[in-house]
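Heads up, the thing below is written out as structure tokens.
Computed from a predicted structure; not experimentally measured. Reminder, nothing fancy here: chain letters follow the sequence lines and each chain counts from 1.
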Protein chains: 2
Amino acid sequence: MKKINVGLVGFGTVGSGVVEVLQAQKKVLKNLTGLDIDLKYICDKDITSNRGIKVNKRVLTKDLKKVLNNSEIDIVVELIGGIHPANEIILAALKNKKHVVTANKALLAENGSEIFRTAKMSKREVRFEGSVGAGIPIIKALREGFAANKITAIYGIINGTSNYILSRMSDEGCTFGFALKAAKKMGVAEANPRLDINGADSAHKLILLTELSFGVSAKMRQVYCEGILAIEPRDIKYAREMGYAIKLLGVAKRSGNKVEVRVHPTLVPVSHLLANVKGVYNAIYVKGDLIGETLLYGEGAGKYPTASAVVSDIIDLAKLIGEGNAPQTAMLKATHSPILTIRKMEETKCRYYIRFSAVDKPGVLASISGILAKSDISISHVTQKEQHREKVVPIVMMTHLAQERNLRKALKLIDKLPAIKKKTVAVRMESL
Amino acid sequence: MKKINVGLVGFGTVGSGVVEVLQAQKKVLKNLTGLDIDLKYICDKDITSNRGIKVNKRVLTKDLKKVLNNSEIDIVVELIGGIHPANEIILAALKNKKHVVTANKALLAENGSEIFRTAKMSKREVRFEGSVGAGIPIIKALREGFAANKITAIYGIINGTSNYILSRMSDEGCTFGFALKAAKKMGVAEANPRLDINGADSAHKLILLTELSFGVSAKMRQVYCEGILAIEPRDIKYAREMGYAIKLLGVAKRSGNKVEVRVHPTLVPVSHLLANVKGVYNAIYVKGDLIGETLLYGEGAGKYPTASAVVSDIIDLAKLIGEGNAPQTAMLKATHSPILTIRKMEETKCRYYIRFSAVDKPGVLASISGILAKSDISISHVTQKEQHREKVVPIVMMTHLAQERNLRKALKLIDKLPAIKKKTVAVRMESL
């Protein structure tokens, strides 16, 4: 019987999860694929630390070449993350005629085009189910399950750390700083959570979802990216009073021949399923012309959910290798869309939640609403919040659809008014 | 270039959706599969009615043999539904070396074993993504996406009609009868909605999910099946007061070497995503050892969502045929479970919501709770509802985990008490 030899690079949390599953489920995987899936090498800088699993010592190596240059290895699993040396490892593996499984969203978002070009030249496949939403089979759903659909929009809660922080702030009324500390304590935020909190991790994943849905490969600089740092407990409270939750969403939405690709905190109706996605969970809401509205939900990170995705990729590849199939050498084989371009953020239209911090004096509301009116921004709701101890009062507005460019201009003008005492907060809304 | 010839049997709502998609997306399908997918025949008793799409007349036929005996046809798509003659058509197609795509849950639940045995003998594949949850890719998720997991439980809202009726009852406080009428008016319930309302349709789908998750093929008579007919508006109201919604769930849950397979109205915590699945939408909540908790949500029926699933199956099969792959001739290739058997309903344990209709006299509560205590059923919550106009008052209880057998015995005894004026209502609860 033919064997499939796997070389794993990166024996960290997810890597050891993958090793554990491959070892424990050897028989099931054989029944599923008709093949023995053998873990030939595990390569890591550290091959001595205890990962809580038994591994044959001959399998462990620090020498990348043993994996990359070994002609017996069919699949290289890259789980070290980050751009370098992951990029070089994947490219070398492909050039050496190995299929690749990775969960590296940052790398695929940054350098996917070179990687898939190399895959094409080598006639090898790159699988990446673990790169978005961990165990949620969103990549497979977009590539296969929804293949007959023209996708019209994707809204994703695709960063567990941010969602955990916003959930704590929402449930407990605590500040961002307090919730972040709690998240670190719970192991839900990394020591340096910058990429999670500033939206970059969501943007990486959104770039992959955008390519899979619309055939557009966006660069990071083309993705508007705003994190959750500016969200205050009171914004969450005011939003809830009006029937909204605040979520960090990745939005990819088609209108005409343009696609909007943006990551930002978003007001979502509380009755919507996305508003009910709590804690570290992820969810991707997909709209298509045939399926209508769907949602895939699950743990978006972690050792075992990600290992589940990685092993599902290995299983798919093993079947493919066993049956001598033609590989899928592009991220997406075909798209229903014509060639789309990315809409500039200034040209997008949204509804906005706006909180002004104004001195409680006559005429302030008139000045603000005058500037908004001149900027073609029409107001759907206003509340001036009574504040007994402060001289500066919050004025909360919700707008009708307005253009981003107009909004930015208006807020610039408004923030120069002497009555405005703090930078105005604006959060986009999606009716979904 | 090799062509894939498709023969469609059943030119009804879903059938015409499939034809529409195959025609409109011909080019995309070619890019996806590398093959021309040709609709060779459309077979139906009625080939004259206007379906709102242009079809070449030479493609239309009333003659099944043209499809089943035509050696050029690679894939037969069965969309007539029901047991006969769908069963005979699928078996004949497989015997004649054609792959089969179907959305026929009733047939696969009733006769899946013969169908997959026949597929195995003929080395052909049966695909059935449309049979559960329409456009929701739950079959693919269980067979491929979650392949590395031991599934531990599945909870599904898998009948749109029932969920629509319960949602209306819940939102408007209306009766079952009123909501059913509304559902018929909206086209959400069929003229004869018996199988939707009595849980049988959910049971059919649950049988497929159970086999895919646990490798157990359950017979209809082994599935406990209770519909939504007995649910009264006040049960929904009382449940909500205690923090629960009532949903018709299909439950397949492993404990030890047994699996519970049951369909019944269920109290679900309002904070759970399943409680927030409204209207005709379906959702399947899957628990696995690696993925943890996931949910797939979407439109569970209808022309285009089902067509989306059917065409995704055709695409998968076309790739398989094009690449000369070994087909998957079983519903499930391998399972992580040992051989499981189905737990008898009497042996299952649940928490229960119970509503007694009792005369408002001293000693009634004592008699009821005495019988429950003797039956080893412990009460976690009691409310006696004040009723100003009625002499019969509702007493609402929630129990701790209790065995079904004990509960049935206890209710039989209680319903014989002179103070009990109507049959007691019991609804199972799941903490999920």
#### Entry: Side chain / backbone / both / neither for B/Asn276 at chain A, heavy atoms under 4.5 Å
both
### Message
Using the rule given for side-chain contact (heavy atoms from CB on, under 4.5 Å), can you reason through B/Val21 versus A/Leu290, listing the C-alpha separation, both sets of side-chain angles and the distance that settles it, and then say yes or no?
### Response
CA-CA 9 Å; B/Val21 174; A/Leu290 305 175; 3.7 Å; yes
#### Entry: Interchain contact, A/Thr306 with chain B, by part (heavy-atom threshold 4.5 Å)
neither
### Query
Between NZ of A/Lys140 and NZ of B/Lys140, what distance do you get to the nearest 0.5 Å?
5.0 Å
### Approximate separation, where rounding is to 0.5 Å, of A/Lys319 NZ and B/Lys333 NZ
5.5 Å
## Note on the structure
Here the gap from A/Tyr304 atom OH to B/Asp289 atom CG, rounded to the nearest 0.5 Å, amounts to 9.5 Å
### Query
Among B/Leu273, B/Val311, B/Ile315, which has the most heavy-atom pairs under 4.5 Å with chain A?
B/Leu273
### Query
Which residue out of B/Gln25, B/Glu323, B/Lys303, B/His272 racks up the most heavy-atom pairs below 4.5 Å with chain A?
B/Glu323
### Query
Any side-chain heavy-atom pair from B/Leu295 and A/Leu295 closer than 4.5 angstrom?
yes
### Task
Look at A/Ser308, A/Ala148, A/Pro137 and state which one has the largest set of heavy-atom pairs under 4.5 Å with chain B.
A/Ser308
### Message
Please identify, among A/Asn282, A/Val28, A/Ile139, the residue contributing the most non-hydrogen atom pairs under 4.5 Å to chain B.
### Response
A/Val28
### Top contributor to chain A contacts, counting heavy-atom pairs under 4.5 Å, from B/Leu22, B/Leu296, B/Leu32, B/Asn31
B/Leu32
#### Entry: Heavy-atom proximity to chain A below 4.5 Å, by part of B/Glu299
both
### Task
Pick one of side chain, backbone, both or neither for A/Asn325, based on which atoms fall under 4.5 Å of a heavy atom in chain B.
both
### Message
Report which part of A/Glu293 has an atom under 4.5 Å of a heavy atom belonging to chain B: side chain, backbone, both, or neither.
### Response
both
### Query
Where does B/Lys150 contact chain A at under 4.5 Å (heavy atoms): side chain, backbone, both or neither?
side chain
### Query
If you draw a 6.0 Å radius around NZ in A/Lys26, do more than 12 non-hydrogen atoms from other residues or ligands fall strictly inside?
yes
### Query
By a 4.5 Å heavy-atom criterion (distance strictly below it), what part of B/Thr335 contacts chain A: side chain, backbone, both, or neither?
backbone
